[in-house]
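Here the structure is a predicted model, which is why all the values come from computation and not from measurement. Note on naming: letters A, B, ... go to the chains in the order of the sequence lines (proteins, then strands), and numbering restarts at 1 for each one.
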Amino acid sequence: MKNETPLLSVTGAGHRYGDRFGCRDVSFDLWPGEVLAVVGESGSGKSTLLGMLSQRLTLDEGTIRYRTARLSDADLGGAGEDERMAEDLLDLSTLSEREVRRLWRTDWGFVHQNAADGLRMHVSAGGNVGEPLMANGWRHYGKIRAEAEEWLRRVEIPADRIDEAPATYSGGMRQRVQIARNLVFGPRLVFMDEPTSSLDVSVQARLLDLIRSLVAELGLAVVVVTHDLAVARLISHRTLVMKDGVVIESGLTDRVLDDPQAAYTQLLVSSILQG
Amino acid sequence: MSAPHIVYNEGYLDEQTKRVIRRALLKGVAIPGFQVPFASREVPMPRGWGTGGVQVTAAVIGASDTLKVIDQGADDTTNAVSIRAFFEKVAGARSTTRTDEATIIQTRHRIPETPLAEKQILVYQVPIPEPLRFLEPRETETRRLHALEEYGLMYVKLYEDIARYGHIAKTYDYPVLVNGRYVMAPSPIPSFDNPKMHQSPALQLFGAGREKRIYVIPPFTDVESLGFEDFPFEPQRFDQPCEICGSVGVYLDEVIIDDRGNAMFVCSDTDHCERTATASVRDETTEVSA
Ligand SMILES: Nc1ncnc2c1ncn2[C@@H]1O[C@H](COP(=O)(O)OP(=O)(O)OP(=O)(O)O)[C@@H](O)[C@H]1O
Ligand SMILES: [Mg+2]
């Protein structure tokens, strides 16, 4: 069974800024269709971890392995179970820059906290959503536009605004365009760094609902960074709690939030309850 | 005693500099459409006036060459005349306005109407060599996109044109794919001229002085103007003939002929226009005397 292999397997991973570690000794497996929340206070290393997993920051120790579509779809008949595991999971440190960028184009999405970091603010919404398709070799304008229209509809952008640039959009709309741009090419894994925290509280709830339903519908695996435990509660299956660059607690989200083991997590949870 | 006069090295640039430029040109020939960095030198004209083209011409010209210089298709603009005079003086080269007699043609904004032949060299003056610049201003990033052959961005620009205007609105410096590999800016020639680059028997050299880049289309190389399957590249077309020489299928300029705003459409390629006009006068003369 294919699903006996995790999608992403992280062992003892760390990233260093100069001689200090931004995050260190992180280990977990992420399964297809699973949503993992990474929570912790400001400066605890959440964004560093996300950058390192997505190959935007260097991996300075440990290993990250990813099950590529290319290998898992290939006929592996004849190989023994152990060999198949080994063959399925690709050590990301062995990839060339070209191969990493191919993963970014075809397999992985990345939703930034600030839409301006993930969108071309002066290119139309349609162009923004169409760009990943064009990057993947689509060369038929009508088909690119139809696909962009479909995705903008799914993230609830009015059809008549497809030719306007995100610079003219509200914060919530920009974030929805960014999500469309990251889902349009059919990724299997999406990284999100505080996708809702730049928005008003009322807009946050609606966007979270949208993310939750799309992720479930598409069976996506997601690593979502948030400092908001309510976000973790609402969309994630499992949660990692980070402090000072290390994971101090992890488990099913409901268990971590209802019955926190680490003193620090207990503090985090109680501060929410009082807040 | 005669007045002391300055002796220039042949072609103005010193031999070492010319070798540097020729090495860049050879690299360009080996990798068609790839932008080769080079150490752009001072030449006696301001940057933005074709210093890249002048340096390339200086590196390939010799006393046995015949040089033609065109600016927007015309041989007689101040800039074209002074570049021609410059090389007559410093390279001892002959000059001409006739496309078919030139061995080297330095150009700004046009490819001549007269088809080019083997052993001719076309030198383009290039202001902005990077076709991806408008959407990605970071040079490190555009270099990476070329290296990894990631050209999705180029199509975003075309997409935006179609979304906004219903067609691809770019009519000059229209991007091309050279030899199936590198996307290249052809310099601000009209898209009308784009098809002339494809499989041309001439050697096409591009020099950007301010940006310090050289690139090349070797003879008989595929040059494809980008487009979508359902919105393919369409070169500009002119439906009327030139009002001076009667040529059809040539690039026309609108010339205002009086202060009431009346205009006529005439060839932008002055050499082509004169020769066609002279030939038809001769034909008429022959007919009359026959
Ligand atoms: N570019 C950098 N250079 C040096 N140190 C950095 C850099 N980026 C982050 N750090 C440090 O690494 C640690 C983790 O930072 P990180 O941005 O990952 O935290 P975070 O959990 O995402 O915080 P926030 O909730 O504020 O976004 C912090 O101590 C931070 O100061
Ligand atoms: Mg952060």
Legend entry - Part of L145(B) within contact of chain A (heavy atom distance under 4.5 Å): side chain
Inset, instruction - Check whether L158(B) gets within reach of chain A through its side chain, its backbone, both or neither, counting any heavy atom under 4.5 Å. - result: neither
Inset, instruction - Would you check if R139(A) and L226(B) make a side-chain contact, meaning some heavy-atom pair closer than 4.5 Å? - result: no
Inset, instruction - Against chain B, work out which of A135(A), G137(A), G127(A) has the most heavy-atom pairs shorter than 4.5 Å and name it. - result: G127(A)
Inset, instruction - State whether the number of non-hydrogen atoms from other residues, nucleotides or ligands found under 6.0 Å of Y172(B) atom OH is greater than 12. - result: no
Inset, instruction - Can you tell which part of F231(B) gets under 4.5 Å to a heavy atom of chain A, answering side chain, backbone, both or neither? - result: side chain
Inset, instruction - May I ask you to decide if the ring planes of Y141(A) and Y159(B) are parallel, tilted or perpendicular, using 30° and 60° as cut-offs? - result: tilted
Legend entry - R56(A) CZ: over 12 foreign heavy atoms closer than 6.0 Å: yes
Legend entry - Structural part of R120(A) lying under 4.5 Å from a heavy atom of chain B: side chain
Inset, instruction - Quick one: which of K143(A), E97(A), R145(A), R101(A) has the most heavy-atom pairs under 4.5 Å with chain B, could you say? - result: R101(A)
Legend entry - Contact class of R144(B) relative to chain A, heavy atoms under 4.5 angstrom: side chain
Inset, instruction - Give the member of K157(B), E150(B), E149(B), M154(B) that has the highest number of heavy-atom pairs under 4.5 Å with chain A. - result: E150(B)
Legend entry - Heavy atoms of other groups near K212(B) NZ, more than 12 under 6.0 Å: yes
Legend entry - Residue, of I144(A), D163(A), V123(A), that accumulates the most heavy atom pairs under 4.5 Å with chain B: V123(A)
Inset, instruction - Under 4.5 Å, counting heavy-atom pairs only, tell me which of R98(A), H122(A), H140(A), E131(A) racks up the most with chain B. - result: H140(A)
